[in-house]
> 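Handing you this structure, nothing more for now.
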Amino acid sequence: MNLFNGSWVFFGLYLAHILVVEYLAWANLHYFGNGWIPTLITILLLTVSQAQAGWLQHDFGHLSVFKKSKWNHIGHKFVIGHLKGASANWWNHRHFQHHAKPNIFSKDPDVNMVHIFVLGDTQPVEYGKKKIKYLPYNHQHQYFFLIGPPLLIPLYFTVQIMKTMITRKDWVDLAWSLSYYTRFLITFVPFFGFFGSVALLFAVRFIESHWFVWVTQMNHIPMEIDHEKHRDWLGCQLAATCNIEQSFFNDWFSGHLNFQIEHHLFPTMPRHNYHKIAPLVRSLCKKYDVHYEEKKLYNAMRDVVGSLKKSGELWLDAYLHK
């Protein structure tokens with residue numbers, strides 16, 4: 001069906017819309033000054049460009065834009081490095097493990113919560129029985145709003161990325177990353193000065209982090225999270241993922257990760273083809289009685305909090321009574 005062939009028109013226009021939004025962020029300050037209203041508009045525009053660049057680097061990282069891996073890798077370095085200030089090698093190392101074994105403890109780095117959260121139905125009980133209490137996990141659905149979405153990108157990812165590039169002596173990725181920060185400072189220091197530009201960057205990262213966390217976690221956190229069960233490929237991926245209803249906004253807002261099931265089954269398929277393969281996946285799941293879950297956007301986000309609350313209650317019960 002040629003569903004693994006990427007559309008240069010789609011990805012070209014996608015990159016263009018990111019660059020146009022970045023230009024508008026600068027032009028807004030250039031023409032209207034650095035008052036509060038133009039500054040807030042620029043923050044929102046930069047947040048949009050950063051979030052969308054995040055989805056585009058994801059496409060290159062999955063080798064789904066060009067037919068040749070070499071050109072995908074070059075595009076990945078450019079988008080994640082020069083447009084976002086991050087590291088392609090760091091992302092690949094984490095993300096490929098996630099796709100191989102999603103939501104499986106000790107194998108998927110995305111569910112390694114370094115004792116800040118307990119996830120699923122098994123881990124909370126294990127922690128409770130062992131009387132492990134790094135934090136009051138029965139309140140994790142509340143402190144999630146304080147230390148989850150606000151801090152993942154501006155603090156945890158930023159520090160981890162820089163540390164990884166330096167300790168592994170990944171000078172190529174470091175150079176790409178520094179090119180982003182250099183360009184950002186050259187662009188915005190004339191309007192805000194050095195420290196003002198750093199504050200601007202932090203504000204953008206802060207808002208982007210909320211966008212990123214809700215989109216990436218609503219497909220996984222409410223699903224099964226457990227130790228290795230050695231399932232087949234279809235069963236493994238479907239147990240750990242769910243979809244969000246398709247709409248033009250949902251496609252754009254999530255970078256087509258609302259088709260998380262199809263993305264996990266066909267990681268190198270260009271995302272503009274997910275809607276074409278989805279009916280076939282649904283019929284396959286129905287044929288073999290594999291649960292295929294699709295939600296509304298609001299319900300998916302609500303389920304993240306509900307899942308954390310449930311896990312916290314399981315931990316508290318085990319901690320007190322087992």
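Predicted model only: the values in this text are computed from it and were never measured. FYI, side chains are in, hydrogens and waters are out, and symmetry mates aren't considered; it's all heavy atoms of this structure.
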> Salt bridge check: are Glu208 and Lys84 linked by an N-O gap of less than 4.0 Å?
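Result for this pair is yes, salt bridge flagged.
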> What pair of heavy atoms forms the shortest contact from Trp233 to His99, and how long is it?
CH2-O, 4.0 Å
> If we only count heavy atoms from C-beta on, is the Leu56 to Asp59 side-chain gap below 4.5 Å?
yes
> Please check if atom NZ in Lys309 has more than 12 non-hydrogen atoms from other residues, nucleotides or ligands closer than 6.0 Å.
no
> Considering residues at least two apart in sequence or located in another chain, which fulfil the salt bridge (charged side-chain N to carboxylate O under 4.0 Å, His left out) criterion with Asp108?
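For Asp108, no residue satisfies salt bridge (charged side-chain N to carboxylate O under 4.0 Å, His left out) once neighbours in sequence are set aside.
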> Please assess Leu135 against Gln140 for the test side chain to side chain contact (heavy atoms under 4.5 Å, CB included), listing each intermediate value before the final yes or no.
CA-CA 8 Å; Leu135 287 167; Gln140 65 177 6; over 6 Å; no
> Indicate yes or no: does Lys322 engage Glu126 in a salt bridge with an N to O separation below 4.0 Å.
no
> Donor-acceptor pairs under 3.5 angstrom involving side-chain atoms of residues 23-30: please list them, not counting sequence neighbours.
unit_1	atom_1	unit_2	atom_2	d
Asn28	ND2	Pro38	O	2.6
Asn28	ND2	Thr42	OG1	2.9

> Do Asn258 and Asn250 get their side chains close enough for a donor-acceptor pair, meaning under 3.5 Å?
no
> Verify the distance criterion only: is there a donor paired with an acceptor across the side chains of Gln260 and His263 at less than 3.5 Å?
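Gln260 vs His263: no donor-acceptor pair found between side chains.
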> Among pairs that include at least one residue of residues 251-261, which meet salt bridge (Lys or Arg N to Asp or Glu O under 4.0 Å), considering only residues two or more places apart or in two chains?
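Not a single pair qualifies under salt bridge (Lys or Arg N to Asp or Glu O under 4.0 Å).
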> Could you label the plane-to-plane angle of the Phe249 and Trp252 rings as parallel, tilted or perpendicular, counting under 30° as parallel and over 60° as perpendicular?
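Answer is tilted, since the angle falls between 30° and 60°.
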> Would you please classify the geometry between the His264 ring and the His98 ring as parallel, tilted or perpendicular, with 30° and 60° separating the classes?
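The rings of His98 and His264 stand perpendicular, inter-plane angle above 60°.
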> Heavy atoms only: give me the nearest Ser177-Gly85 pair and the separation to one decimal.
OG-O, 2.7 Å
> Treating Ile, Leu, Val, Met, Phe, Trp and Tyr as nodes and any side-chain heavy-atom pair under 4.5 angstrom as an edge, say whether Tyr180 and Trp55 lie in one connected cluster.
yes
> Does Ser209 use its side chain to pair, donor to acceptor, with the backbone of Pro149 at less than 3.5 Å?
yes
> What's the spacing between Ile244 CD1 and Leu297 CG if we round to 0.5 Å?
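Going from the CD1 atom of Ile244 to the CG atom of Leu297 covers 6.5 Å.
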> Mark yes or no for whether Tyr137, through its side chain, and His115, through its backbone, hold a donor-acceptor pair below 3.5 Å.
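Yes; at least one donor-acceptor contact below 3.5 Å.
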> Checking Lys68 now: which residues fulfil salt bridge (charged side-chain N to carboxylate O under 4.0 Å, His left out) with it, not counting sequence neighbours?
none
> What pair of heavy atoms forms the shortest contact from His93 to Gln97, and how long is it?
O-NE2, 2.7 Å
> Measure the shortest side-chain to side-chain distance between Phe259 and Asn273 over non-hydrogen atoms and say whether it is less than 4.5 angstrom.
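A side-chain contact under 4.5 Å is absent here.
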> In terms of ring plane angle, is the pair His17 and Tyr14 parallel, tilted or perpendicular, where the classes change at 30° and 60°?
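If you compare the ring of His17 with that of Tyr14, the planes turn out perpendicular.
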> Could you walk me through whether Gln123 and Ser311 pass the side chain to side chain contact (heavy atoms under 4.5 Å, CB included) check?
CA-CA 8 Å; Gln123 188 184 56; Ser311 297; over 6 Å; no
> Please give me the minimum heavy-atom distance between Ile104 and His227, naming the atom from each residue.
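Looking at all heavy atoms of both residues, the shortest contact is CG2-C, 4.0 Å.
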> Treat each ILVMFWY residue as a node, draw an edge where side-chain heavy atoms are under 4.5 Å apart, and state whether Phe117 and Tyr134 are in one component.
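Yes, because Phe117 and Tyr134 connect within a single hydrophobic cluster, where side-chain heavy atoms sit under 4.5 Å apart.
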> Could you check whether any side-chain heavy atom of Leu45 comes within less than 4.5 Å of a side-chain heavy atom of Ile41, counting everything from C-beta outward?
yes
> For Phe188, is there any backbone N or O sitting under 3.5 Å from a side-chain donor or acceptor partner on Ser197?
yes
> Are a donor atom and an acceptor atom from the side chains of Gln57 and His76 found within less than 3.5 Å of each other?
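Distance-only check passes for Gln57 and His76.
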> Got a sec: does the CZ of Phe4 have more than 12 other heavy atoms crowding it under 6.0 Å?
yes
> Backbone N or O of Leu46 within a donor-acceptor pair of the Ser49 side chain at under 3.5 Å?
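Side chain of Ser49 to backbone of Leu46, a donor-acceptor pair under 3.5 Å: yes, one is there.
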> When you compare the side chain of Met218 with that of Asn299, does any pair of heavy atoms fall below 4.5 Å?
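When only atoms from C-beta onward are counted, Met218 and Asn299 do not touch, as no gap falls below 4.5 Å.
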> Out of curiosity, Leu238 CG to Met223 CE, how far, rounded to the nearest 0.5 Å?
8.0 Å
> Is the shortest side-chain N to carboxylate O distance from Glu262 to Arg271 below 4.0 Å?
no
> Which value, rounded to the nearest 0.5 Å, describes the distance between Leu3 atom CG and Thr268 atom OG1?
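Spacing of CG (Leu3) from OG1 (Thr268) equals 11.0 Å.
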> Mind checking the CG-CH2 spacing from Asn89 to Trp176? Nearest 0.5 Å is all I need.
13.0 Å
> Whether the His275 and His256 side chains hold a donor-acceptor pair (N or O, under 3.5 Å, no angle test) is what I'd like checked.
no
> For residues 221-241, which residue pairs pass the salt bridge (Lys or Arg N to Asp or Glu O under 4.0 Å) check, not counting sequence neighbours?
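Non-adjacent pairs meeting salt bridge (Lys or Arg N to Asp or Glu O under 4.0 Å): Lys101-Glu228, Lys107-Glu228, Glu224-Lys229, Glu224-Arg231, Asp226-Lys229.
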> With a 6.0 Å cut-off (strictly less than), is the heavy-atom count around OH of Tyr288, excluding the residue itself, greater than 12?
no
> Is the Phe253 ring parallel, tilted or perpendicular to the Trp211 ring (thresholds 30°, 60°)?
parallel
> By salt bridge (charged side-chain N to carboxylate O under 4.0 Å, His left out), which residues pair with Asp173, not counting sequence neighbours?
Lys77
> Atom CZ in Phe105, atom CD1 in Ile225: separation rounded to 0.5 Å?
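Rounded to the nearest 0.5 Å, the CZ-CD1 separation comes out at 6.0 Å.
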> If only side-chain N and O atoms count, and only distance matters, is there a donor-acceptor pair under 3.5 Å linking Asn243 with Tyr292?
yes
> On a heavy-atom basis, which atom in Pro150 and which in Phe145 lie closest, and how many Å separate them?
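Scanning both residues completely, I find the closest heavy atoms to be CG-O, 3.1 Å.
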> How far apart are the C-alpha atoms of Phe206 and His210, what are their side-chain angles, what is the distance that settles it, and do they pass the ring-ring contact (aromatic ring centres under 6.0 Å, His included) test?
CA-CA 7 Å; Phe206 175 81; His210 286 77; 4.8 Å; yes
> Think Lys133 forms a cation-pi with Tyr127, using NZ or CZ under 6.0 Å from the six-ring centre and within 45 degrees of its axis?
no
> Would Thr241 and Asn219 satisfy side chain to side chain contact (heavy atoms under 4.5 Å, CB included), going step by step from the backbone distance to the final call?
CA-CA 5 Å; Thr241 57; Asn219 301 111; 5.5 Å; no
> For Trp91 and Phe96, take the angle between the two ring planes, folded into 0 to 90°, and tell me which bin it lands in: parallel under 30, tilted 30 to 60, perpendicular over 60.
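Perpendicular, since the angle between the ring planes exceeds 60°.
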> Are Phe195 and Ile186 connected in a single hydrophobic cluster, I mean Ile/Leu/Val/Met/Phe/Trp/Tyr linked by side-chain heavy atoms less than 4.5 Å apart?
no
> Would one find more than 12 heavy atoms of other residues, nucleotides or ligands at under 6.0 Å from atom CD1 of Ile37?
no
> Between Cys285 and Leu234, what is the shortest heavy-atom contact and its length?
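Closest pair (atom of Cys285, atom of Leu234, distance): SG-CD1, 4.5 Å.
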> Would Leu13 and Tyr274 show up in the same hydrophobic cluster when neighbours are defined by side-chain heavy atoms closer than 4.5 Å?
no
> Ignoring hydrogens and geometry, is there a side-chain-to-backbone donor-acceptor pair from Ser307 to Asp303 under 3.5 Å?
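Flag not set: sc Ser307 to bb Asp303 has no pair under 3.5 Å.
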> Could you grab the distance from atom CD1 of Ile207 to atom CD1 of Ile153, nearest 0.5 Å is fine?
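These two atoms lie 11.5 Å from each other.
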> With the side chain counted from C-beta on, respond yes when His272 and Phe11 share a heavy-atom pair under 4.5 Å apart, and no when they do not.
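Of all side-chain heavy-atom pairs linking Phe11 with His272, at least one is under 4.5 Å.
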> Are Phe60 and Trp8 connected in the hydrophobic side-chain network, where two residues link if heavy atoms are under 4.5 Å apart?
yes
